[in-house]
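Data first, discussion second: the structure below is written as structure tokens.
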Amino acid sequence: MDSKLDYNKEIDESMQGDATMVEGEQTNSKKLYLESYGCQMNFADSEIVASIMSQNGYNTTKNVDEADVILLNTCSIRENAEQRIRKRLTEFKKKKDTNAELKVGILGCMAERLKSQLLEEEKLVDIVVGPDAYRSLPDLVKETETGQKAVNVLLSREETYADISPVRLDKNGVTAFISIMRGCDNMCSFCVVPFTRGRERSRDPETIVGEAKELFNKGYREVTLLGQNVDSYRWNVNSKKEIIDPAQPTVNFAQLLEKVALVSTDLRVRFSTSHPKDLTDEVAETMAKHENICNYIHLPVQSGNTEVLKRMNRGYSREWYLDRIKAIKERIPDCAISTDIITGFCGETEEEHQDTVSLMKLVEYDYAYMFAYSERPKTLAERKFEDDVPEEVKKRRLTEVIDLQQASSLKNNQKYLNKEYKVLVEGVSRRSEEHMFGRNSQNAVFVFPRKDKKPGDYVTVKAYDCTAATLLSEIVE
Ligand code: 5AD
Ligand code: SF4
């Protein structure tokens, strides 16, 4: 393997809390600078926010210095995510000190968690808006024009923004997110999301399929259906409400997946995030049935030890999780699987940690997002357990799982060498203007000579070398 050819940057890092700057259409007079942090759901929400603001006189801009309004769509999942955002807000505060007209607002999970605290105690922002209150943003911005502060952190049991057509802020015009549900009812003991995003609710499947069709007609070739727990998607057909009437037929996630897959065989369908306690055989069967539903499942395990999983309130055991992996592999032998892992959760012993290590060795994940446990205020774990694993132990365990995953990712990529794969071209490689990159169905990243290929094309490639993150390949004509 040639170590100089390192294309690691092509890999999707969005869930690791990277900030992204986004740009919209250019028709309005005022300028909005919008920065997003955290999970894919937040990036999808920013597209709803851009849409709402564009109906009310604001274009998005890349240049923060020309902004009339700065909005940060924030993440609370771990403490360091919040620290980064606070630092950013302090930088924007300096801009406000020299420009009295400039308004700064905070959106998303941190807004919901801290509510008006950011206005009152720290005076960092003018506007605080939670994830279910984006429709009120234009009015709230107006309120601040008279020097007031504005807050709306009401959570809703119904809001899905189903009727709002998102302004696509991605740059490739090929892959897009579609939000299919909001909130989470799971109450994993470590997680702040149920408090910041509220109760789970599903979106009308007709509007989801409509959005997928619209995207396809605009040239998009891949959609990712998003929810905190897509397997519990449920829609009641006849009442047109997501409140379930047991007497009426419902649309479940497998059926929704099929509806979206039928939009076009040229539209790839992905989804995230699956929950091991809810992932059904029917979902795996639907994936196997439709070639355009990608052979890739993100199935967070969090820990490989049943006792830790109990304390985490995950609702499954190690054996149950391994059975779900078996159910997937039986139906889709070449299905790639990724996961999330937390090291050093409350009371985690060395033995329990080794169960996570052994589970990783059994599953041989294609990709993993790995984190040291970070205690979050008000969560079940904070109230019930002591955060007693020393920081250096959490970090050592984290390094151990990261090293293991690196080896596993490399091994998995090596499986793809010297075989032909259909890849959707997403864009120009970050490392070389002469190369394009794209993914196969399993989400592995291939880099290949540009030739006459453009984003949105499907090409067949064959790889001759790889790193843990990227496969170097040639186009097979
Ligand atoms: N500490 C560390 N990681 C966490 N995650 C969620 N909450 C925490 C926390 N308090 C991780 C989980 C989840 C992913 C999105 O973030 O692994 O699946
Ligand atoms: Fe958090 Fe668990 Fe819901 Fe995921 S499923 S958002 S980890 S509570």
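Keep in mind that what you see is a predicted model, and the values were worked out from it rather than measured. For reference, positions follow the sequence shown, starting with 1. Order of appearance sets the numbers: ligands from 1, and atoms from 1 within every ligand.
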Side chain to side chain contact (heavy atoms under 4.5 Å, CB included) against Pro377, all qualifying residues, sequence neighbours excluded: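 If we apply the side chain to side chain contact (heavy atoms under 4.5 Å, CB included) test to Pro377, skipping adjacent residues, the hits are Arg113.
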Within-cut-off N or O pair, [X] and ligand 1, under 3.5 Å:
| X | answer |
| --- | --- |
| Arg376 | no |
| Ser374 | yes |
| Asp340 | yes |
| Phe371 | no |

Between Arg324 and Tyr316, is NZ or CZ placed under 6.0 angstrom from the six-membered ring centre and within 45° of the ring axis?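 Not satisfied by the 6.0 Å and 45° rule.
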Take Leu137 and Leu71 through the side-chain contact (heavy atoms from CB on, under 4.5 Å) test and state the conclusion after the steps. CA-CA 10 Å; Leu137 249 174; Leu71 295 176; 4.1 Å; yes
In plain terms, say whether Asp387 and Lys394 are close enough for a salt bridge, that is, a side-chain N and a carboxylate O under 4.0 Å apart.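 Salt bridge: yes.
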What do you reckon, are the aromatic ring centroids of Tyr421 and Tyr416 less than 6.0 Å apart?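 Here the rings of Tyr416 and Tyr421 have centres that are less than 6.0 Å from each other.
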Numbered atoms of ligand 1 (with element) below 4.0 Å of [X], judged on heavy atoms:
| X | value |
| --- | --- |
| Gln302 | 12 (C), 13 (C), 17 (O), 18 (O) |
| Ile342 | 3 (N), 4 (C), 5 (N), 12 (C), 17 (O) |
| Arg78 | 1 (N), 2 (C), 3 (N), 4 (C), 5 (N), 11 (C), 16 (O) |

Walk me through it: do Thr339 and Val363 pass the test side-chain contact (heavy atoms from CB on, under 4.5 Å)? CA-CA 10 Å; Thr339 200; Val363 179; over 6 Å; no
Go through the structure and list residues passing salt bridge (charged side-chain N to carboxylate O under 4.0 Å, His left out) with Arg314, not counting sequence neighbours.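 Residues passing salt bridge (charged side-chain N to carboxylate O under 4.0 Å, His left out) with Arg314: none at all.
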Lys149: which residues meet the salt bridge (charged side-chain N to carboxylate O under 4.0 Å, His left out) condition with it, sequence neighbours left out?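 Once residues adjacent in sequence are excluded, the partners of Lys149 under the salt bridge (charged side-chain N to carboxylate O under 4.0 Å, His left out) criterion are Asp126.
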List the protein residues in contact with ligand 2, where contact means a heavy-atom separation under 4.0 angstrom.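 These residues qualify: Cys184, Asn186, Met187, Cys188, Phe190, Cys191, Val193, Pro194, Gln228, His275, Arg314.
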Validation row: Val283, Phe271 side chains within 4.5 angstrom (heavy atoms):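 A side-chain contact exists here, since the closest heavy-atom pair is under 4.5 Å.
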Could you go through Glu35 and Tyr33, starting from their C-alpha distance and side-chain angles, then the distance that decides it, and tell me whether this counts as side-chain hydrogen bond (donor to acceptor under 3.5 Å, both in side chains)? CA-CA 7 Å; Glu35 215 168 72; Tyr33 175 85; 2.6 Å; yes
Is Ala372 in contact with ligand 1, taking contact as a heavy-atom separation below 4.0 Å?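 Contact present.
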